[in-house]
Engineer: 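First the structure, then my questions, so here it is.
What you see below is based on every heavy atom in this structure, not just the backbone, and it leaves out hydrogens, waters and symmetry mates.
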Amino acid sequence: MIVEYIPSPSQGVWHLGPVPIRAYALCIIAGVVAAIWVGERRWVARGGKHGEVGDIAILAVPFGLVGARLYHVATDHDLYFGGGKGWHGFLGAFEIWHGGLGIWGGVAAGALGAAIAAKRRGIRMLPLADAVAPALLLAQAIGRWGNYFNQELYGRPTTLPWGLKIDPSNWPQGKTFPPGTVFHPTFLYESLWDLGSFGLVLWADRRFNLGRGRVFALYVMAYTAGRGWIESLRIDTIELNNVLGLRWGVWMSIVLFVLALGYFVWAGRRRPSREESPYLDGHVTGPEDADGSAGGESPGDAREVPADTGASSTDPAD
């Protein structure tokens, strides 16, 4: 018998003795690890030193998680503080393992944490942002599978053969559907879109030698172009569910796409297209850098490959 729907997992939590192992957390962690690995390789290719992206992530990741949660709570605060929920609702605002991380709060706060760490290390923020931008898409593609295990953030009912089966206990509060109803698997749509955008941004960076924040701007444009229509499919109820006829997430996608496009065009008119160095003036990473032999190369020098190797200027991770 052919099952014409995607089944939801029977559980998203496993117990190792008294310790709960949550699939949602594992997906987030896997996304972070993959992003650091890809971002590290791209950073070194741009003239940075190995290990710096991982060091910056130590501050950027916690900042991003806090920002993502704050964004979610701020845009849907009645879920935790409305209706006399009291102390129980307040504590629920901290239970991120149940889901509820707003991507744009995470990106903004993560960027703040990265900027603080980068400044301490004498690193320029724009080349760092360009190095990690595609890695963010990969992290998001992996992290979205946490929504699958939590049976959350799915779309409206569909008759498509890849509809997602959701347990009635996880239907939106106050909504009922006929038996056998399946829903758009928006987690899967977004994961696939992110992977496609990951490839697009890598290709564009290699093809057009982007810099000065344009890779990051392209990341924002690519992501929001998909997030806008995917967001319009979702039926989960949020406080800002209808702003002038559109969900809050759709408006955010539109605004951020326009801003990123504007920056991309403006930065593209500047010359040279790349920063001279990924480091601030006067930066010295170690004794070996005093003569400019390491760590302070220009991105162009760092990406050069001897002609007899037959290799491209970037490896598959780029």
Engineer: Could you pull out the closest heavy-atom pair between Gly48 and Pro278, with the gap in Å?
Structural biologist: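 Heavy atoms only, the tightest pair is N-CG, 4.0 Å.
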
Engineer: If the condition is salt bridge (charged side-chain N to carboxylate O under 4.0 Å, His left out), which residues does Asp167 pass it with, not counting sequence neighbours?
Structural biologist: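 Salt bridge (charged side-chain N to carboxylate O under 4.0 Å, His left out) check on Asp167 returns nothing, list empty.
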
Engineer: Ignoring hydrogens and angles, state whether a donor on the side chain of Tyr24 or Glu152 is under 3.5 Å from an acceptor on the partner side chain.
Structural biologist: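 No pair is found: no donor N or O on one side chain lies under 3.5 Å from an acceptor on the other.
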
Engineer: Work out which heavy atom in Ser191 is nearest to a heavy atom in Arg144; give both atom names and the distance.
Structural biologist: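 Of all heavy-atom pairs spanning Ser191 and Arg144, the closest is CB-CB, 4.4 Å.
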
Engineer: Evaluate the side-chain proximity of Arg214 to Leu218: yes if any heavy-atom separation is below 4.5 Å, no if none is.
Structural biologist: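 A side-chain contact under 4.5 Å is absent here.
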
Engineer: Heavy-atom distance under 4.5 Å between the side chains of Tyr279 and Glu52, does that happen here?
Structural biologist: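 SC-SC contact between Tyr279 and Glu52 confirmed.
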
Engineer: Check for me, please, whether Leu70 and Leu256 land in the same ILVMFWY cluster - side-chain distances under 4.5 Å, paths through other members count.
Structural biologist: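 Not linked; separate clusters.
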
Engineer: Could you pull out the closest heavy-atom pair between Arg46 and Pro127, with the gap in Å?
Structural biologist: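 In terms of heavy atoms, the two residues are closest at CD-O, 4.0 Å.
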
Engineer: With a 4.5 Å cut-off on side-chain heavy-atom distances among I, L, V, M, F, W and Y, is there a chain of contacts connecting Leu153 to Leu246?
Structural biologist: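 Each belongs to a different hydrophobic cluster.
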
Engineer: Pick out which of Ile36, Leu128, Val132 makes a side-chain contact (heavy atoms from CB on, under 4.5 Å) with Ile56.
Structural biologist: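 Testing Ile56 for a side-chain contact (heavy atoms from CB on, under 4.5 Å) against Ile36, Leu128, Val132 leaves exactly one candidate, Leu128.
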
Engineer: Answer with yes or no whether the hydrophobic clustering places Leu59 together with Val61; edges join I, L, V, M, F, W, Y residues whose side-chain heavy atoms lie under 4.5 Å apart.
Structural biologist: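 No, separate clusters.
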
Engineer: Quick one: closest heavy-atom pair of Ala114 and Met125, and the distance?
Structural biologist: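 Looking at all heavy atoms of both residues, the closest pair is CB-CE, 3.8 Å.
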
Engineer: Roughly how far apart are Leu164 CG and Gln151 CD, rounded to 0.5 Å?
Structural biologist: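 If we round to the nearest 0.5 Å, Leu164:CG and Gln151:CD are 7.0 Å apart.
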
Engineer: Would you say Val13 ends up clustered with Trp145 if hydrophobic residues are merged whenever their side chains have heavy atoms under 4.5 Å apart, either directly or through other cluster members?
Structural biologist: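 No.
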
Engineer: Given the side-chain rings of Phe208 and Trp203, with only the six-membered ring counted for Trp, is the space between their centroids under 6.0 Å?
Structural biologist: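 For Phe208 and Trp203, the ring centres are under 6.0 Å apart.
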
Engineer: Just by distance, do the side chain of Asp194 and the backbone of Leu138 share a donor-acceptor pair under 3.5 Å?
Structural biologist: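 Not confirmed, Asp194 side chain does not pair with Leu138 backbone.
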
Engineer: What are the two closest non-hydrogen atoms of Tyr154 and Thr186, and how far apart are they?
Structural biologist: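 That would be CA-OG1, 3.3 Å.
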
Engineer: A side-chain contact here means heavy atoms from C-beta on lying under 4.5 Å apart; do Phe149 and Phe187 qualify?
Structural biologist: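 Counting from C-beta outward, Phe149 and Phe187 never come under 4.5 Å.
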
Engineer: Rounded to the nearest 0.5 Å, how far does CG of Leu195 lie from CD of Glu190?
Structural biologist: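 Rounded to the nearest 0.5 Å, the CD-CG separation comes out at 11.0 Å.
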
Engineer: Please say yes or no: joined through hydrophobic side-chain contacts below 4.5 Å, possibly via intermediate residues, are Phe257 and Leu200 part of one cluster?
Structural biologist: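 In one cluster: yes.
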
Engineer: Closer than 3.5 angstrom, by distance alone: can the side chain of Glu40 be matched with the main-chain N or O of Gly51 as a donor-acceptor pair?
Structural biologist: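 Looks like yes, one N/O pair under 3.5 Å.
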
Engineer: Can you measure from OG1 (Thr224) to CE (Met252) and round to the nearest 0.5 angstrom?
Structural biologist: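 Output value for this atom pair is 10.0 Å.
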
Engineer: Can you confirm if the aromatic rings of Trp104 and Tyr223 lie within a centre distance of less than 6.0 Å?
Structural biologist: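 Here the rings of Trp104 and Tyr223 have centres that are less than 6.0 Å from each other.
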
Engineer: Taking all heavy atoms of Pro157 and all of Thr181, pick out the closest pair and write down the distance.
Structural biologist: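 Nearest heavy atoms, Pro157 then Thr181: CB-CG2, 3.8 Å.
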
Engineer: Rounded to the nearest 0.5 Å, how far apart are CG of Leu65 and CD1 of Ile28?
Structural biologist: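 Between atom CG of Leu65 and atom CD1 of Ile28 there are 7.0 Å.
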
